[in-house]
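Here the structure is laid out as structure tokens; the discussion comes afterwards.
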Amino acid sequence: MGVPSRLVSAVDTPSPPVFAVRPAGAADLDGLVAIETAAFETDRIARRSFRKLIEAPTAAVTVASLADGRLVGYALLLFRAGTGMARLYSIAVVPEQRGSGIGAALMAESERVAFARDRFLLRLEVREDNASGIRLYERLGYRRIGRYLDYYADHANALRYEKRLRGDAQSTAVRYYEQTTDFTCGPCCVMMALGHFRRDYAMGPVEEIKLWRQATTVFMMAGLGGCDPHGLAVSAARNGLSAGIHVSREGSLFLESVRDPEKRRVMELAQEDFRRQTVAFEIPITYRPLDVAAIRAALAGGALVIVLISAYRMFGKKVPHWVLVVGDDGRHLFVHDPWVEDREHETHSDAANLPIPYADFEHMARWGREPLRAAVVLRPR
Ligand SMILES: CC(C)(COP(=O)(O)OP(=O)(O)OC[C@H]1O[C@@H](n2cnc3c(N)ncnc32)[C@H](O)[C@@H]1OP(=O)(O)O)[C@@H](O)C(=O)NCCC(=O)NCCS
């Protein structure tokens, strides 16, 4: 057997430089300007901008330095107030030190800093012709979310990338299931709870459709394809769980976007039927939203909680969406999102056990103009 080529090249390569990463300080200005000059031909960040950014609470500049103190790279994050997002505005390593892991280390530290500041998404743009940048981001798990045409001063296009940050997310005992249709997010949350609370229960696509048929109010694919909280609670109870509904208002839900009066009427009747079934199954309904503190208390008591969110902050689509809250670390709620966005680029690990800062979760957990807030608390019976 031959020697693997990677081993050969590792032996042949001179030992990589020893470097450290740390936050930038005012004394790093000369070094930052030197890196910027060496790395970019145009659109350079000016010295006075670096000075401001080092001080700004809305930015984080991380530098990489060699053992002799010389700066060899930097990464710059921007934080926009009131969002769960951080943006990598710039990263650069001096040409003679590239290819030895400094770029990757700057990215790792930037992700850590962003997560520590309660950001759960890191976004960036990269020139379409920047092969080394694109390789770095894809290797680190960034997925492509779009393209801006004519983005740079020289008319080059930009590719947009995003990564969901996880910090040191603890693992959860709740098994994850990815929805296999566009409209079964709610039933998949019920299914994950069944998989967790019932030893004899096997998750799968047949169960997914069965639970959906038990919970949906949909009529000939009119309006939203999904499920209302009453239907989800009834399907959970029908399959052996104890369920409690928390909803911000009485009456029919999700009907605003259904134009056809006939379809509206059928959906209303289906919801009325579900509300009657909640009585038969003795499912309590509380007409008050479940806030983060109450969700945490339910989790601490061993429950799992299905929560209605606006998918807008999760993946930019204005649709109602159900996720399952499976954990809490004192600062984040951990969520299994049954929807794996863009099957080509996102994997289960992007959608399972997502840490979402409390304030962001509170913000996400609502849908529509009014807005509607709804949750179903599930426990073993
Ligand atoms: C993009 C950039 C920051 C990457 O920095 P870097 O320090 O070279 O990044 P890394 O060393 O972590 O990774 C680069 C390569 O080195 C390899 N590498 C990483 N650690 C290594 C090590 N210890 N030994 C050998 N190779 C290693 C990586 O596998 C990677 O290989 P690949 O590009 O062929 O896939 C750098 O190329 C740069 O400054 N470019 C100009 C500015 C720029 O384009 N910025 C991005 C704007 S969006």
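One-based numbering along the sequence shown. Counting starts at 1 for both ligands and their atoms, in listed order.
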Residue [X] vicinity, atoms of ligand 1 by number, heavy atom under 4.0 Å:
| X | answer |
| --- | --- |
| S132 | 37 (O) |
| A104 | 12 (O) |
| I102 | 7 (O), 11 (O), 12 (O) |
| N130 | 43 (C), 44 (O), 46 (C), 47 (C) |
| Y137 | 46 (C), 48 (S) |

Residues which pass side-chain contact (heavy atoms from CB on, under 4.5 Å) with N130, listed by chain and number, not counting sequence neighbours: V126, R127, S132

The one among R98, R135, R139 that brings a heavy atom closest to atom 14 (C) of ligand 1: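 The option holding the nearest heavy atom is R139.
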
Option with minimal heavy-atom separation from atom 24 (N) of ligand 1, where the choices are G101, G99, A105: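 Nearest option to atom 24 (N) of ligand 1, by heavy atoms: G99.
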
Euclidean distance, R143 CZ relative to R160 CZ, rounded to 0.5 Å: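 Between atom CZ of R160 and atom CZ of R143 there are 10.5 Å.
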
Electrostatic pair [X]-[Y], nearest N-O below 4.0 angstrom:
| X | Y | result |
| --- | --- | --- |
| D200 | R198 | yes |
| R87 | E162 | no |
| E268 | R265 | no |

Contact check, E125 vs ligand 1, heavy-atom distance below 4.0 Å: yes

Salt bridge (charged side-chain N to carboxylate O under 4.0 Å, His left out) against R276, all qualifying residues, sequence neighbours excluded: E272

Sub-3.5 Å N/O-N/O distance, G103 and ligand 1: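 Looking only at distances, the answer is yes, because the N/O contact criterion of under 3.5 Å is met.
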
Side chain, backbone, both or neither: V93 near ligand 1, heavy atoms under 4.0 Å: both

I91 and ligand 1 - part of the residue with a heavy-atom distance under 4.0 Å: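 Both parts.
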
side-chain contact (heavy atoms from CB on, under 4.5 Å) between V323 and H336, intermediate numbers included: CA-CA 6 Å; V323 296; H336 278 357; over 6 Å; no

Flag, side chain of E208 to backbone of T180, donor-acceptor distance under 3.5 Å: yes

